[in-house]
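For reference, the structure discussed in these notes is given below.
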There are 2 protein chains.
Amino acid sequence: MLIVPEREIADLMTQKAAFDAVEQVFAAMASGDAYNFPVVREAIGHEDALYGFKGGFDRAGLTLGLKAGGYWPNNLEKRGLINHQSTVFLFDPDTGKPSAMVGGNLLTALRTAAASSVSIKHLARKDAKVIGMIGAGHQATFQLRAALEQRAFEKVIGWNYHPEMLPNLAKVAEEVGVPFEAVDLPGMDEADVIISITSAFSPSLVADHVSPGTHLACMGTDTKGKQEVEAGLLARASVFTDEVAQSISIGEAQHAIAEGLIRESDIAQLGAVINGSHPGRTSDDQITLFDGTGVGLQDLAVAAAVVDLAVERGVAVEVDF
Amino acid sequence: MLIVPEREIADLMTQKAAFDAVEQVFAAMASGDAYNFPVVREAIGHEDALYGFKGGFDRAGLTLGLKAGGYWPNNLEKRGLINHQSTVFLFDPDTGKPSAMVGGNLLTALRTAAASSVSIKHLARKDAKVIGMIGAGHQATFQLRAALEQRAFEKVIGWNYHPEMLPNLAKVAEEVGVPFEAVDLPGMDEADVIISITSAFSPSLVADHVSPGTHLACMGTDTKGKQEVEAGLLARASVFTDEVAQSISIGEAQHAIAEGLIRESDIAQLGAVINGSHPGRTSDDQITLFDGTGVGLQDLAVAAAVVDLAVERGVAVEVDF
């Protein structure tokens with residue numbers, strides 16, 4: 001039984017390893033080799049916390065387990081701890097015995113960033129030059145940093161509900177020597193790729209803000225009621241997702257489905273594009289939209305990757321369990 | 001973060017500690033202080049394994065977490081490991097950080113035994129003399145050993161589908177100096193308390209085998225389709241359970257409910273008897289029946305108890321997580 005504590009993850013895990021793990025598991029999901037279990041998510045009535053489990057099994061990668069944890073909104077103010085707290089537990093699929101316990105906080109940020117990044121690799125135009133960010137919080141910096149590796153972007157533009165946070169994005173752009181510009185929402189029509197990563201309950205981006213040929217990754221909507229983009233935009237776009245069942249119930253597509261603008265069968269798995277069983281983008285004018293809802297298998301995949309890295313570097317703590 | 005490995009549990013945990021933990025959490029469930037989360041249970045399509053999570057939160061005891069694991073039917077033959085494999089993970093309800101990881105195999109046996117034992121304490125006649133066992137496997141020995149502490153039993157009688165296993169029961173009876181007798185099913189009418197602990201899919205015990213005044217604890221049925229006693233017996237009895245929702249769907253009561261012999265409102269929580277908000281047994285002629293389905297909160301309660309004992313004895317392994 002191996003333990004990789006949260007404090008080790010930053011030194012071990014790379015954006016590249018997270019990307020590869022998520023790309024691989026999306027492909028396994030689409031080919032039927034990997035599946036997510038029903039999600040448990042409970043408001044426990046203590047500290048206003050949301051707590052639950054996201055589990056799954058990847059038969060191809062032989063990765064079994066769950067991420068447990070949730071959101072403790074008072075952590076930062078009361079205790080100086082981050083509000084999102086999670087831990088990944090891996091099990092040996094041959095025996096049912098626990099095989100690893102891994103800090104899940106940074107991994108969650110990395111696997112979420114990897115998802116939009118994988119969507120950009122497989123769905124954005126090859127000649128994409130301008131990337132637009134809707135949202136400028138902590139997670140937005142992870143999304144942007146990962147995205148910038150996927151195309152030869154020449155400019156980052158950004159919009160946020162709280163403009164005073166935009167320097168977060170400017171700083172990431174500066175790291176890679178790309179200019180940053182704050183824009184209003186209509187200014188997003190300059191972008192070839194747009195990532196939305198907010199926790200909004202009403203849309204900011206509308207169809208008119210999006211130019212033909214754009215790839216959108218909607219990463220913020222993971223709950224019933226949340227919404228980042230106008231539902232009509234999904235009708236204009238070719239829609240892809242990590243998991244269709246989540247996309248139509250708790251993802252960005254929930255609204256377009258509810259309004260009858262698209263049907264479940266209009267939504268394809270990103271993994272099918274990775275596998276080559278779906279053509280993905282077929283023209284330079286097409287708008288592609290990835291509805292990233294976040295699945296347990298992503299967490300298991302990055303955790304398994306970091307355990308391998310920890311073993312290689314000799315920093316995994318072995319416990320005789 | 002504390003670790004209590006499986007190999008330590010036998011030396012640490014006592015029948016009494018398991019009894020107290022389960023009695024307390026049944027009471028907390030009935031008073032609304034503790035609740036179980038939806039159960040995840042998946043046939044993962046590898047090694048014929050069943051795997052899943054049983055979680056819950058006890059606001060009174062401040063115990064939060066889950067038991068993860070399941071049933072790996074090839075473990076014993078292929079690898080010399082037991083087929084049931086489980087691990088309990090506890091979390092700090094104030095912060096969401098993991099607080100303990102505990103081997104769950106022996107604890108599962110002890111908490112299941114504690115449940116029927118708690119039901120005997122609160123529902124059997126004080127003057128019960130004869131205890132009858134339906135089932136004589138490994139788990140039956142735990143149920144019997146725990147039950148024998150609850151009344152001044154003078155005789156153990158037993159029946160099993162495979163009579164060659166009855167010496168398992170005789171051995172436990174001998175430990176406490178009580179005679180054991182193998183009986184046929186009609187012979188169960190001699191018993192004042194009956195525990196059924198089989199994994200049968202059709203009833204063995206019928207209403208005619210049960211005398212007025214008997215307390216039954218049906219402990220084997222935890223899945224749709226399983227059944228240990230004739231459904232009509234539940235109509236003759238006052239029915240109690242750990243959790244009503246499980247009792248009517250996957251517990252022994254599923255059949256009587258499906259046949260319209262009893263209604264959901266006929267089933268009371270054993271915890272309500274412990275709390276004093278339900279009178280429990282009200283006459284010496286009454287048949288009482290406890291439908292023990294097994295809930296995650298039982299696992300969390302015994303795991304929390306064993307962590308306390310491990311800390312007291314200095315055998316908990318501390319990991320800086």
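None of these values were measured; they are calculated from a predicted model. First the proteins, then the strands, lettered A, B, ... as listed; each starts at 1. Just the heavy atoms: all of them, side chains too, but no hydrogens, waters or symmetry mates, feed the values below.
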Exercise for review: Apply side chain to side chain contact (heavy atoms under 4.5 Å, CB included) to B:Val40 and A:Leu66, showing your working.
Suggested key: CA-CA 11 Å; B:Val40 174; A:Leu66 75 151; over 6 Å; no
Check your understanding: For A:Phe321 and B:Val317, what are the C-alpha separation, side-chain angles and deciding distance, and is it a side chain to side chain contact (heavy atoms under 4.5 Å, CB included)?
Key -> CA-CA 10 Å; A:Phe321 188 70; B:Val317 180; over 6 Å; no
Engaged part of [X] at the chain B interface, taking heavy atoms whose separation is under 4.5 Å:
{"X": "A:Met1", "answer": "side chain"}
{"X": "A:Asp92", "answer": "backbone"}
{"X": "A:Tyr35", "answer": "side chain"}

Practice item. Please confirm whether A:Phe57 and B:Tyr51 have ring centers closer than 6.0 angstrom. Key: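 Judged by ring-centre distance (under 6.0 Å), A:Phe57 and B:Tyr51 do not meet the cut-off.
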Practice item. Kindly say whether the aromatic ring centers of A:Phe89 and B:Phe89 come within a distance under 6.0 Å. Key: yes
Check your understanding: Just wondering, more than 12 heavy atoms not from B:Gln139 lying within 6.0 Å of its CD?
Key -> yes
Practice item. Count the heavy atoms of every other residue, nucleotide or ligand shown that sit under 6.0 Å from CD of A:Glu23, and state whether that count exceeds 12. Key: yes
Point to revise | Euclidean distance, A:Gln85 CD relative to B:Phe91 CZ, rounded to 0.5 Å | key: 10.0 Å
Top residue by heavy-atom pair count (under 4.5 Å) with chain A, among [options]?
{"options": "B:Gly55, B:Gly70, B:Pro93", "result": "B:Pro93"}
{"options": "B:Asn74, B:Val4, B:Val319, B:Asp94", "result": "B:Asp94"}
{"options": "B:Gly56, B:Ala68, B:Gly52", "result": "B:Ala68"}
{"options": "B:Gly69, B:Pro38, B:Ala49", "result": "B:Pro38"}

Check each atom of [X] against the heavy atoms of chain A and say whether the ones under 4.5 Å are side chain, backbone, both or neither.
{"X": "B:Asp58", "value": "neither"}
{"X": "B:Ile44", "value": "both"}
{"X": "B:Val39", "value": "neither"}

Practice item. Output yes when a side-chain donor or acceptor of B:Trp72 lies under 3.5 Å from a complementary backbone atom of A:Lys97, and no otherwise. Key: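 The answer is no, because no donor-acceptor pair under 3.5 Å joins these two groups.
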**Study point:** For the student: nearest non-hydrogen atoms of A:Leu62 and B:His46, plus distance
**Key:**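 Taking every non-hydrogen atom into account, CD2-CE1, 3.7 Å.
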Exercise for review: Could you tell me which non-hydrogen atom of A:Gly45 sits nearest to which non-hydrogen atom of B:Arg59, and how far apart they are?
Suggested key: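 So the minimum-distance heavy-atom pair works out to O-NE, 3.6 Å.
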Exercise for review: Inspect the contact between B:Asp320 and A:Arg7 and indicate whether a charged nitrogen and a carboxylate oxygen are less than 4.0 angstrom apart.
Suggested key: yes
Check your understanding: Run the side chain to side chain contact (heavy atoms under 4.5 Å, CB included) check on B:Glu47 and A:Thr95 step by step: do they pass?
Key -> CA-CA 8 Å; B:Glu47 287 287 349; A:Thr95 65; over 6 Å; no
